[in-house]
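A quick note: this is a predicted structure, and the numbers were derived from the prediction, not measured.
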Amino acid sequence: MTERVQKLKDFIIDRRYRQTRLAEGVTVTVSGNNTYADTLAVTRAVMAKEEPVFYENDIFGFYTRLPTYAKTVLTNGEKFGYRANNVTPAYNLLIDRGLRVVLQELNAHASTAVSEAKEFYNAALETLGIMLDYCETYRAAAKARGFDRLAAALERVPQEAPTSLYEACLFHKILLFFLRQTNDHITLGRFDQYMYPYYQMDVDRGASREESLETLELYFLSLNVDADTYMGVQQGDNGSSMVLGGFDADGRSQFNELSSLCMDASLEVNVIDPKINLRVGKSTPDELYALGTKMTKKGLGFPQYCNDDVIVPALIRLGYRPEDAWNYTVAACWEPIIPGLGYDIPNITTTDLAHITADAVNAHLAECDTFEQLLAFVKDGITRRAEELKDIHAVQFMYAPLLSLLTYDCLESGRDISRGGARYNNYGTHGAGISTAVDSLAAIKTLVFDEKSVEKTELLTALATNFEGYTTLRNRLLDAPKMGNGDAVTDEISGWLLREYADAVNGKPNVAGGVWRAGTGSAQMYIRYAKECPATADGRLAGAPYACSFSPAIGARLNGPLSVIRSFTKHDLTDTINGGPLTIELHDNVFRNAEGEAKVAALVKLFVLSGGHQFQLNTINRDRLLDAQAHPEQYPNLIVRVWGWSGYFCELDLPFQNHIIARTEFMV
């Protein structure tokens with residue numbers, strides 16, 4: 001790490017950039033008719049407040065002065081906040097051509113277009129005009145303030161295509177600055193693929209690896225400055241997600257020199273953004289798992305591993321073209337999406353499998369003579385929930401002319417991405433509480449139907465009273481088979497549950513002309529939905545959290561990480577490809593020597609070769625986390641994996657902190 005990078009990192013870790021923020025944000029009153037004029041009104045209002053911001057040692061700029069993203073309200077005062085989100089633009093559509101060429105094309109289309117298409121072209125022209133005006137303001141300010149490298153680069157980009165990695169990253173930063181004014185969770189996509197030509201330009205000119213590494217490190221640090229202003233459930237939940245590597249349809253690795261450089265840059269700067277997702281498969285070499293493990297050891301909470309061998313065939317089965325499926329990236333957390341082609345809404349709703357199971361147990365267990373009869377009632381609950389999906393309408397998102405210019409076909413069709421301009425418009429539902437549902441059914445099968453050692457009425461009464469006065473029974477339920485231990489009972493039930501859930505959801509038409517996708521994720525619903533779920537037959541108390549996504553239940557007594565991986569990769573996961581990783585926590589002592597690192601890398605490889613779809617590892621130390629709760633000022637850069645993203649532990653709300661502390665720490 002160069003001295004310049006270190007100084008900028010210190011500035012960011014100290015959060016000193018927040019001192020340049022305005023005291024208040026921007027509230028924009030719009031018509032509520034959801035027109036291009038509404039979107040442009042937000043952009044104009046934001047830009048009226050913005051002015052160039054410069055930080056010592058930074059070479060990128062384009063930071064906001066606002067404390068949060070612009071709020072929009074209707075003329076009657078009600079909140080209006082439907083911003084496009086969880087989309088990956090095709091950044092190359094503008095970066096590779098430069099705005100001068102794009103403006104020429106827009107003017108040509110606008111001269112002959114009519115109706116809504118003409119509105120689109122005019123809105124896009126005005127948006128790019130605002131961008132270019134502000135870039136010129138920034139250039140002049142940079143020159144006056146002595147930021148000569150930035151000023152010189154702005155003489156070229158974004159008007160023209162970049163001629164270096166630095167110029168390409170600056171162009172990228174400008175796009176993000178404007179995209180995030182009216183859109184949320186705009187992800188970074190396959191950065192190592194669309195930025196590779198500009199890295200190669202530097203190599204061809206004789207630039208050293210150290211020069212390229214410094215450029216990337218300074219850029220990665222710059223992405224952290226405004227991360228707290230983006231919409232998210234928690235600090236860090238901001239969509240700054242990057243995908244590296246992967247394979248093409250012929251099995252050739254797409255992991256390149258820039259991929260490796262990105263991982264090295266992330267390792268050195270050691271901050272939460274960008275969050276690295278690594279596409280892997282059966283042909284991934286051990287060296288790449290070793291590199292990923294170094295990041296895990298660092299405590300970053302990433303990379304998240306995505307298995308091409310599972311995800312790509314699953315996307316094709318759902319109707320994605322093969323050439324598009326092989327180009328997949330992930331949304332802000334884990335949901336596979338296609339850059340520049342998808343306006344999928346992969347997290348539009350959640351299917352609470354734990355609550356569905358609890359309802360079936362409480363309403364029907366008394367009348368069931370066999371376990372299979374109980375399963376039929378659970379299946380009915382899943383089916384009813386799947387039927388409800390057909391009535392779920394996506395909100396009418398604000399028009400997004402800039403995002404549309406970064407979407408294939410929108411420029412030619414004159415149709416906004418939010419109005420059918422994208423190729424894929426599929427919806428996804430998360431599957432919360434899977435392990436709680438499985439463990440509940442396993443306990444009932446074992447104790448009520450197989451052993452016949454617990455009466456149905458006794459169990460139902462215990463559940464209704466939240467186990468008040470039933471401590472002995474609750475302990476027996478807690479000791480019953482648990483998903484993650486590789487036993488036949490829970491493995492059979494989990495396979496059944498995943499199949500029924502996927503069969504009920506996958507491929508069903510949605511209101512946008514696409515289809516529904518089932519997933520094993522939960523997002524924040526492992527806390528939010530769990531609050532509403534009554535006591536469950538696995539011994540869980542009413543309101544207690546579920547596991548995060550596709551993971552063993554909190555407090556489950558587990559045999560170890562190998563048994564967990566075997567259980568969570570046992571079934572065909574191509575049917576639940578809306579995303580949702582297995583997450584395990586490793587005690588930091590695991591990495592005390594090279595042998596420990598090698599074991600973790602082997603563990604990841606085992607997961608991939610066993611057919612797991614997504615995997616993330618959290619390196620934690622419970623004692624350190626407890627101390628951080630007591631003394632947060634001493635841990636400004638303590639990073640943890642929360643659900644599909646990494647954040648600063650001390651900036652999380654208490655329920656999320658406590659959940660991470662409660663997760664099982666494994667030794668390998």
- Answer yes or no: is there a side-chain heavy-atom contact under 4.5 Å between Leu216 and Val269? no
- Hey, could you give me the CD1/CG distance between Ile59 and Leu170, rounded to the nearest 0.5 Å? 8.5 Å
- Kindly indicate whether the side chain of Phe11, heavy atoms from C-beta on, has any atom under 4.5 Å from the side chain of Leu221. no
- Note on the structure: CG of Leu406 to OG1 of Thr88, rounded to nearest 0.5 Å, is 11.0 Å
- Query: Which value, rounded to the nearest 0.5 Å, describes the distance between Asp416 atom CG and Thr407 atom OG1?
  - Reply: 8.5 Å
- Task: Please check if the side chain of Asp344 supplies one atom and the backbone of Asn426 the other of a donor-acceptor pair under 3.5 Å.
- Result: yes
- Message: Determine whether a donor-acceptor pair (N or O, by modelled atom type, separation under 3.5 Å) exists between the side chain of Asn425 and the backbone of Gly514.
- Response: no
- Checking Ser259 side chain against Asn256 main chain: does a donor-acceptor pair fall under 3.5 Å? yes
- Message: For the residue pair Arg16 and Tyr55, would you count it as a cation-pi contact if the rule is NZ or CZ under 6.0 angstrom from the ring centre and within 45 degrees of the ring axis?
- Response: no
- Item | pair Glu50-Leu66: side-chain heavy atoms closer than 4.5 Å | yes
- Could you tell me whether the side chain of Lys9 reaches within less than 4.5 Å of the side chain of Glu268, counting heavy atoms only? no
- Query: How would you list, by chain and number, every residue that makes a salt bridge (charged side-chain N to carboxylate O under 4.0 Å, His left out) with Glu136, sequence neighbours excluded?
  - Reply: Arg139
- Message: With no hydrogens and no angle check, just 3.5 Å: does a side-chain donor-acceptor pair link Ser241 and Asn277?
- Response: yes
- Return the orientation label for the Tyr219 and His172 ring planes: parallel under 30°, perpendicular over 60°, tilted otherwise. perpendicular
- Message: If you count heavy atoms of other groups shown closer than 6.0 angstrom to NZ of Lys71, is the number above 12?
- Response: yes
- Item | Flag, side chain of Arg517 to backbone of Pro336, donor-acceptor distance under 3.5 Å | yes
- So, Tyr63 side chain and Phe177 main chain: donor-acceptor pair closer than 3.5 Å or not? no
- No-hydrogen, no-angle side-chain donor-acceptor test under 3.5 Å, Tyr328 and Asp308: yes
- Task: Check the pair Arg100, Glu160 against salt bridge (charged side-chain N to carboxylate O under 4.0 Å, His left out), reporting the backbone distance first and the verdict last.
- Result: CA-CA 6 Å; Arg100 181 179 58 81; Glu160 307 294 338; 2.7 Å; yes
- Task: Output the distance between atom CG (Asn86) and atom CD1 (Ile337), rounded to the nearest 0.5 Å.
- Result: 6.5 Å
- Query: Which atoms form the tightest heavy-atom contact between Val26 and Lys49, and what is the distance?
  - Reply: CG2-CG, 3.5 Å
- Tell me, please, whether Tyr399 has Arg419 positioned over its six-membered ring: NZ or CZ under 6.0 Å from the ring centre and within 45 degrees of its axis? yes
- Query: Once the angle between the rings of Tyr138 and Phe62 is folded into 0 to 90°, is it parallel (under 30°), tilted (30 to 60°) or perpendicular (over 60°)?
  - Reply: parallel
- Looking at Gln254 and Asp248, what are the two nearest heavy atoms and their distance? NE2-OD2, 3.5 Å
- Taking only residues two or more places apart in sequence or in another chain, which ones pass side-chain contact (heavy atoms from CB on, under 4.5 Å) with Gln234? Trp645, Leu652, Asp653, Phe656
- Note on the structure: Heavy atoms of Val642 and Gly647 approach each other most closely as CG2-N, 4.2 Å
- Query: Do Arg279 and Ile311 pass the side chain to side chain contact (heavy atoms under 4.5 Å, CB included) test, and can you show the C-alpha distance, the side-chain angles, and the key distance before you say yes or no?
  - Reply: CA-CA 10 Å; Arg279 283 180 47 177; Ile311 294 174; over 6 Å; no
- Task: For the pair Phe54 and Phe147, name the ring-plane relationship: parallel under 30°, tilted 30 to 60°, perpendicular over 60°.
- Result: parallel
- Task: Indicate yes or no: at least one non-hydrogen side-chain atom of Val271 is less than 4.5 angstrom from one of Tyr648.
- Result: yes
- Do side-chain atoms of Ser260 reach the backbone of Glu257 as a donor and acceptor pair under 3.5 angstrom? no
- Kindly compute the distance separating NE2 (His109) from OH (Tyr121), expressed to the nearest 0.5 Å. 4.5 Å
- Query: Only one of Arg65, Arg21, Arg180, Lys173 forms a salt bridge (Lys or Arg N to Asp or Glu O under 4.0 Å) with Asp226, so which one is it?
  - Reply: Arg21
- Message: Using the rule given for side chain to side chain contact (heavy atoms under 4.5 Å, CB included), can you reason through Met242 versus Asp273, listing the C-alpha separation, both sets of side-chain angles and the distance that settles it, and then say yes or no?
- Response: CA-CA 9 Å; Met242 174 184 292; Asp273 290 320; over 6 Å; no
- Correct closest heavy-atom pair for Phe302 and Ser266 would be CE1-OG, 3.3 Å
- Query: When the aromatic ring centroids of Phe60 and Tyr166 are compared, is their separation below 6.0 Å?
  - Reply: yes
- Message: Keeping Asn34 on the side-chain end and Phe397 on the backbone end, is there a donor-acceptor pair under 3.5 Å?
- Response: yes
- Would you kindly say whether Tyr230 and Asn183 are connected by a side-chain donor-acceptor distance under 3.5 Å? no
- Task: State whether a side-chain donor-acceptor pair under 3.5 Å links Asn238 with Ser240.
- Result: no
- Query: Taking it one step at a time, do Asp228 and Arg15 satisfy salt bridge (charged side-chain N to carboxylate O under 4.0 Å, His left out)?
  - Reply: CA-CA 10 Å; Asp228 59 324; Arg15 317 297 198 263; over 6 Å; no
- Message: Taking side-chain contact (heavy atoms from CB on, under 4.5 Å) as the criterion, tell me which of Thr215, Asp96, Leu258 meets it with Tyr198.
- Response: Asp96
- Do Arg423 and Ile338 have side-chain heavy atoms sitting under 4.5 Å apart? no
- Query: Using the ring of each side chain (for Trp, its six-membered ring), is Tyr199 parallel, tilted or perpendicular to Tyr196, with breaks at 30° and 60°?
  - Reply: tilted
- Query: Between Ala110 and Asn122, which heavy-atom pair has the shortest distance, and what is it?
  - Reply: CB-OD1, 4.1 Å
- Would you check if the side chain of Asn327 reaches a backbone N or O of Glu323 as a donor-acceptor pair within less than 3.5 Å? no
- Query: Is Leu405 close to Thr127 at the side-chain level, that is, under 4.5 Å between some pair of heavy atoms?
  - Reply: no
- Query: Is there a donor-acceptor pair closer than 3.5 Å between any side-chain N or O of Glu167 and the backbone N or O of Val157?
  - Reply: no
- Message: Does Cys169 form a side chain to side chain contact (heavy atoms under 4.5 Å, CB included) with Phe191? I'd like the steps, not just the answer.
- Response: CA-CA 10 Å; Cys169 288; Phe191 185 89; 4.1 Å; yes
- Message: Do Leu341 and Arg321 have side chains that approach each other closer than 4.5 Å (heavy atoms only, starting at C-beta)?
- Response: no
- With rounding to the nearest 0.5 Å, note down the distance linking SG in Cys262 to CG in Leu213. 9.5 Å
- Query: Do any N or O atoms from the side chain of Asn347 and from the backbone of His430 form a donor-acceptor pair under 3.5 angstrom?
  - Reply: no
- Of the non-hydrogen atoms in Pro581 and Trp334, which two are nearest, and what is the gap between them? CD-CE3, 3.3 Å
- Item | Distance-only donor-acceptor check, side chains Asp202 and Ser164, under 3.5 Å | no
- Report the C-alpha separation of Glu126 and Arg44 in whole Å, then their side-chain angles, then the decisive distance to 0.1 Å, and conclude whether the salt bridge (charged side-chain N to carboxylate O under 4.0 Å, His left out) test is met. CA-CA 10 Å; Glu126 182 169 350; Arg44 291 192 211 100; 2.8 Å; yes
